[in-house]
Each structure stands twice: as C-alpha cells, then as structure tokens.
2 protein chains.
Amino acid sequence: MPKSITRTYSRYSREAVALFAGLIRTARKERKLTTQEVADRAGISRGLLQRIEKGDMKCEIGVVFEVATIVGLKLFDADDSTLTRHIRQTEDKLSLLPKSVRKTTKAVDDEF
Amino acid sequence: MPKSITRTYSRYSREAVALFAGLIRTARKERKLTTQEVADRAGISRGLLQRIEKGDMKCEIGVVFEVATIVGLKLFDADDSTLTRHIRQTEDKLSLLPKSVRKTTKAVDDEF
DNA sequence: CTTTTATGGTTTATATATAGGTCAATTATA
DNA sequence: TATAATTGACCTATATATAAACCATAAAAG
C-alpha cells in the first residue's frame, strides 16, 4: 500500500472475521489437527495460520477460505455442486441488472 | 511472500470466494451504488474493489468483509448482536477443547 | 444523435504481508 | 515426575498487494 493508509473497519466486519477465525480454530481442534499440519496442507506458514486463527483482518481471503475448507468448515453451508449452482444463479441475477449504476437523478438516492 | 510461493486452492475455496464476490457485486448494484462510491466508503481504491468483485483470492479478508458489509451483505445471516453471541459461544466451546492437539498415539488418526 | 459518466483495463512506486526461521512457554503423554 | 510435542511470540528479507494515475470502452441520460 502506498501512502500508508490506516484502514478502518466496521464493528460488524471485525466481528464477522473474528467469528470466522474462532470457527476455524474450533473446527481444527475438533478434528485434532495441529497448526503445523493445517499450515502444511494449506501451503502456508504456521505463523500465518496463527494470524488467521486470531482474526487478523489483513490475511488473504483465499488463504483464509482454504484453511476453513481444510478444517472442514463449510462457508455457505453448501456442498460443491450447490455452490456452483449458486454461482450460476448469481450470474443470472447479475445479467439482469443494469451494467452501470447512474447517479445523476439528484434525489432517488435511497437514503436507507 | 518471500520465496515466490505459488498458491493452490481447492475448488471449493475458489468457488466460495467467487460466489461471495458475485453476491457483493449483485448487492452493490441492487443498492445502486457505483464502484467509486463503495470504494470511497470502504477507504480503498476503485481498482481494489474491482478485484474484490472479480473474486481475487489475494485481497485482504478484512477489506472484502468490509465491502460486503457496506453493500448490505450479511456474512452469517446474522445481525450485530447475534454475531457477538456467536463469538461468545465459540469462545466457550474453544475453552472446553484441549489447548494443544497431540499426535503421538500412532493410530486414532481419523482418516476421514 | 451528443454528452456525460461508469466501468474495466493497464502501469508504476511503495508499503507491507508473508515464509521461514528461532526461542520460550505451555501442554499432553508415558 | 520427565519427556516430547504443540503453541505463541518474535524477527528479517523479499515477493507482492495496494493506491494512484492513466486510457479505452460502454452505457446511460439529455
């Protein structure tokens, strides 16, 4: 990051990440996997896994999701094929929405 | 990453991130927010938001969750207080599990 | 149609997350 | 108890994600 930006997060985001981290840690222990084992399977360092399990906001989402998958945590309470179907549904939905969002009409700004 | 590590992700992880990205993009459009607007609110660049909406695995989880929150996507289908309660429950569950996982006893390794 | 604006690509400099160590403390097992 | 393993906390070098600046395209509005 150029310019040394200090990131701010909403309480909700912080808690969501924290919960996710806790669920990962719990799942790992329930499956009796050591930090080293999970780190190896995920292809990451043990130190990074520790940060993930502490809810560090700056870890790559791909790595976090991969670890979650490894410890058997289902992200969307859905199996593989269900996920694929949801992706397709989302794409369909997306194709029906306007390509770009216009802001010209002064008001209309849904304030809530 | 020192040492130029090539990351590998499971199909499930990739699809989970992809779905999440699609949901974010859909939610943003449904709320009629431009990429610039959301980027500003999240305190990130427009380019980063684009990568997030494309399902880039290397974006920080904190930023991704923050963007999701901004566009009104509930991570765990739960509001703020519910999230807090879940965190507490997870902590309680965690405190009941053994502090460290032992691997000595040859077998017992739950192969699946 | 024309004008305006959102979006999707780049490219580049720089702040920083990561891998890979080490070490000490803690914990489980024998 | 003693022993071995897990864990947590550091540190450093470096690969890379990021912000910012572009440009081109496309799409909405007038």
Kindly list each side-chain donor-acceptor pair under 3.5 angstrom involving residues 18-25 of chain B, sequence neighbours excluded, with atom names and distances?
{"residue": "B:Arg25", "atom": "NE", "partner": "B:Glu53", "partner atom": "OE1", "Å": "3.1"}
{"residue": "B:Arg25", "atom": "NH2", "partner": "B:Glu53", "partner atom": "OE1", "Å": "3.3"}

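- Taking A:Asp80 as the reference, B:Arg11 meet the salt bridge (Lys or Arg N to Asp or Glu O under 4.0 Å) condition, with sequence neighbours excluded.
- Under a 4.0 Å N-O distance rule, the pair B:Arg41/B:Glu66 does not qualify as a salt bridge.
- Contacts of B:Arg51 classified as salt bridge (Lys or Arg N to Asp or Glu O under 4.0 Å), with partners at least two apart in sequence or in another chain: B:Asp56.
- Terminal axes of the helix from C:dT10-D:dA21 to C:dA30-D:dT1 (five pairs each, C1' rotation axis) are separated by 60°, to the nearest 10°.
- Screening residues 91-100 of chain A for side chain to side chain donor-acceptor pair (under 3.5 Å), with sequence neighbours left out, gives A:Lys93-B:Glu30.
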Tabulate atom names and distances for all N/O pairs under 3.5 angstrom spanning the protein and nucleotides 21-27 of chain C.
{"residue": "C:dT27", "atom": "O2", "partner": "B:Arg102", "partner atom": "NH2", "Å": "2.7"}

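- Sorted pairs that involve residues 37-60 of chain A and meet ring pair (Phe, Tyr, Trp, His ring centres under 6.0 Å), not counting sequence neighbours, are lacking altogether.
- Across the interface with DNA chain D, nearest-nucleotide mapping of A:Lys54 and B:Leu48 shows A:Lys54 to be the residue nearer the 5′ end.
- Not a single salt bridge (Lys or Arg N to Asp or Glu O under 4.0 Å) links B:Lys74 to another residue, sequence neighbours left out.
- Clustering of Ile, Leu, Val, Met, Phe, Trp and Tyr by side-chain heavy atoms under 4.5 Å joins B:Leu96 with none of the others.
- Taking 4.0 angstrom as the limit, B:Thr35 places a side-chain polar atom (N or O) nearer than this to OP1 or OP2 of C:dT7.
- Sorted by first and then second residue, the ring pair (Phe, Tyr, Trp, His ring centres under 6.0 Å) pairs involving residues 24-57 of chain A (not counting sequence neighbours) form an empty list.
- B:Leu97 belongs to a hydrophobic cluster with B:Leu94, counting contacts under 4.5 Å between side-chain heavy atoms of Ile, Leu, Val, Met, Phe, Trp and Tyr, direct or through other members.
- Residues from residues 12-25 of chain B placing a heavy atom under 4.0 Å of any atom in DNA chain C, listed by number, are B:Arg25.
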